[in-house]
Amino acid sequence: MGSTAVIRGLGGALPRRVVTNHHLSILMDTSDEWIKRRTGIKERRHSDETESTSVLATIAARRAMVSAGVDTVGLLIVATSTPDQVCPATAPKVASNLGLHGIAAYDISAVCSGFVYALATASWAIRSGAVTSVLVIGADTFTSLLDPIDRTTGVIFGDGAGAVYISAGTDNEPGAILATTLHSDGRGETLIQVPRTDGAYFEMQGKEVFKQAVSAMSDSVETVLSSVGWAAEDVDSLIAHQANLRILTTVASVTGIHDSKAEIHLDRVGNTSAASIPLAMTNAGTKGHRTPGDKVVLTAFGGGTTWGAVAMTWPIISVVDPH
Ligand code: COA
């Protein structure tokens with residue numbers, strides 16, 4: 001019989017190159033004022049050819065293992081929609097970069113919901129008793145797929161990676177993953193897509209994505225709150241996918257969580273897709289925003305469409321600042 005999955009390590013990784021709003025306003029028809037007012041983003045990171053998804057994922061995973069004080073793991077999952085190659089998956093390469101040859105390793109593709117998908121299914125694997133420890137990594141490098149003159153996507157996206165190490169424990173330990181919910185609806189396939197045609201860029205229907213993201217994330221937050229029996233006012237921190245500041249504050253207000261409880265990290269990194277939640281967690285950890293045992297809800301919405309949420313308590317953790 002399996003056990004509760006408990007977070008024991010956390011790490012993040014960011015490319016070196018900082019791209020400010022001012023820099024983007026030279027390349028496309030936008031302005032620092034518009035981007036800050038409509039999205040809350042001030043800067044983001046762009047990876048170069050030496051900073052592929054697997055490179056960033058490996059750095060984040062290594063930091064999560066150091067943070068947990070471990071040197072091995074039973075299963076490694078990389079949530080990414082920007083793998084190094086169409087095939088094979090990125091996860092076996094990351095495992096081998098860490099010296100973990102022979103372990104189970106696979107990718108999950110759920111775009112911006114990827115980390116929540118990977119964390120939930122990793123928690124199910126531990127609960128089932130199939131494994132006792134998992135490295136869950138969210139890593140994406142979408143900026144290489146952006147149309148250089150598309151101001152809708154160009155101002156939002158950045159690159160990065162984040163990782164957690166989880167292992168078997170009990171519900172009352174800080175870091176316990178207490179409830180999960182995952183959903184998809186393929187009818188929204190064209191809202192966020194990179195068509196499989198030569199030279200295709202990332203395409204997004206921003207306004208419709210905004211509406212669906214608010215309603216789907218709010219519903220899944222309410223689902224996990226009801227599973228664990230927490231009221232909205234019990235929640236110490238809402239760590240939602242970092243796409244747009246207005247989405248974060250609207251989800252907080254729809255669910256009745258005070259907007260001061262919404263963790264904000266997108267101002268410094270933009271939307272890093274599958275990396276966004278674990279990177280926001282590293283921000284909360286390094287800034288001392290959280291205390292072990294705090295009640296935390298994670299939620300995300302992404303291409304597919306896909307969405308979900310996780311209710312957990314904040315772990316006892318030390319984390320290095322990836323900035
Ligand atoms: N800079 C300056 N002006 C811009 C702009 C930019 N980067 N992008 C759009 N505009 C303009 C539009 O052309 C429009 O001008 P008009 O009124 O003269 O026609 C105006 O700003 C408003 O455009 P709109 O599309 O209504 O903007 P918005 O407030 O919906 O913001 C997004 C656009 C993309 C920032 C917003 O829709 C969003 O964040 N969507 C969700 C994205 C997301 O979460 N993606 C990831 C999900 S996983």
Side-chain angles (χ1 to χ4, degrees), residues 19-44 79-82 108-118 138-143 145-160 162 182-186 188-194 201-220 239-252 254 262 264-267 269-280 298-309:
V19 177
T20 63
N21 292 347
H22 172 70
H23 183 199
L24 289 181
S25 71
I26 298 165
L27 304 174
M28 56 185 73
D29 182 15
T30 191
S31 66
D32 176 46
E33 190 278 331
W34 191 95
I35 302 170
K36 280 200 295 223
R37 183 167 47 81
R38 301 304 292 167
T39 72
I41 298 166
K42 295 177 184 155
E43 61 187 40
R44 72 289 292 142
T80 187
S81 302
T82 50
I108 282 185
S109 173
V111 201
C112 299
S113 309
F115 181 77
V116 165
Y117 258 72
D140 268 313
T141 50
F142 265 112
T143 63
L145 292 172
L146 301 181
D147 179 343
I149 55 165
D150 179 0
R151 61 184 184 174
T152 311
T153 53
V155 300
I156 292 181
F157 282 91
D159 300 327
L182 297 180
H183 304 272
S184 77
D185 186 345
E189 181 186 28
T190 56
L191 290 180
I192 295 167
Q193 64 177 352
V194 183
Y201 288 120
F202 184 95
E203 298 169 2
M204 178 180 75
Q205 295 176 35
K207 260 197 184 325
E208 186 57 28
V209 168
F210 190 109
K211 274 193 270 175
Q212 293 200 16
V214 167
S215 116
M217 288 199 279
S218 303
D219 287 351
S220 47
I239 307 185
H241 170 52
Q242 308 277 307
N244 185 317
L245 183 58
R246 292 182 294 133
I247 295 180
L248 302 185
T249 51
T250 311
V251 171
V254 170
I264 311 295
H265 185 227
L266 51 70
D267 53 334
V269 295
N271 175 356
T272 55
S273 191
S276 110
I277 288 180
L279 278 172
L298 315 179
T299 186
F301 176 86
T305 56
T306 52
W307 65 97

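In this text, all values refer to a predicted model and were calculated from it rather than measured experimentally. One-based numbering, in listed order, for ligands and for the atoms of each.
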**OP:** Would you check the N or O atoms of Gly302, main chain and side chain alike, for any that come under 3.5 Å of an N or O of ligand 1?
**Re:** no
Original post:
Distance only, no hydrogens: is a donor on one side chain within 3.5 Å (strictly under) of an acceptor on the other, for Gln212 and Glu208?
Top reply: yes
Original post:
In the protein, what heavy atom is nearest to atom 21 (O) of ligand 1, and what distance, to one decimal place, separates them?
Top reply: Trp34 NE1, 3.3 Å
**OP:** Show which atoms of ligand 1 fall inside a sub-4.0 Å distance from at least one heavy-atom site of Phe301.
**Re:** 48 (S)
Subject >> Ile35, portion touching ligand 1 at heavy-atom distance under 4.0 Å >> reply: neither
Original post:
For atom 17 (O) of ligand 1, is some protein heavy-atom partner under 4.0 Å away?
Top reply: no
Subject >> Side chain, backbone, both or neither: the part of Val111 lying under 4.0 Å from ligand 1 by heavy atom >> reply: neither
Subject >> Element-labelled atoms of ligand 1 that are located less than 4.0 Å from some non-hydrogen atom of Asn271 >> reply: 46 (C)
Original post:
Protein heavy-atom contact under 4.0 Å for atom 4 (C) of ligand 1?
Top reply: yes
Original post:
Should Lys207 be counted as touching ligand 1, given the test is an N or O pair under 3.5 Å?
Top reply: yes
Original post:
For the side-chain hydrogen bond (donor to acceptor under 3.5 Å, both in side chains) test, which of Thr141, Thr82, Thr143 pairs with Asp159?
Top reply: Thr143
Subject >> N or O pair under 3.5 Å between Thr30 and ligand 1 >> reply: yes
**OP:** Check the pair Asn244 / Thr39 against side chain to side chain donor-acceptor pair (under 3.5 Å), numbers first and verdict last.
**Re:** CA-CA 5 Å; Asn244 185 317; Thr39 72; 5.7 Å; no
Original post:
What atoms in ligand 1 come closer than 4.0 Å to a heavy atom of Val155?
Top reply: 7 (N)
Subject >> Under 4.0 Å to a heavy atom of Cys112 - the qualifying atoms of ligand 1, by number >> reply: 48 (S)
Original post:
Does any N/O atom on Ser31 come nearer than 3.5 Å to any N/O atom on ligand 1?
Top reply: no
**OP:** Answer yes or no for atom 44 (O) of ligand 1: protein heavy atom present at a distance under 4.0 Å?
**Re:** yes
Subject >> ligand 1 to Arg246 polar contact by distance, N or O atoms, under 3.5 Å >> reply: yes
Subject >> Nearest candidate to atom 39 (O) of ligand 1, where distance is taken over non-hydrogen atoms, out of Leu266, Asn244, Ile192 >> reply: Asn244
Subject >> Under 3.5 Å: donor-acceptor pair, side chain of Gln242, backbone of Ala240 >> reply: yes
Original post:
Below 4.0 Å from any atom of ligand 1, is there a heavy atom belonging to Met28?
Top reply: no
**OP:** Measure up the Phe202 and Phe142 rings against each other and bin them: parallel (under 30°), tilted (30 to 60°), perpendicular (over 60°).
**Re:** perpendicular
Original post:
Is any heavy atom of the protein nearer than 4.0 Å to atom 37 (O) of ligand 1?
Top reply: yes
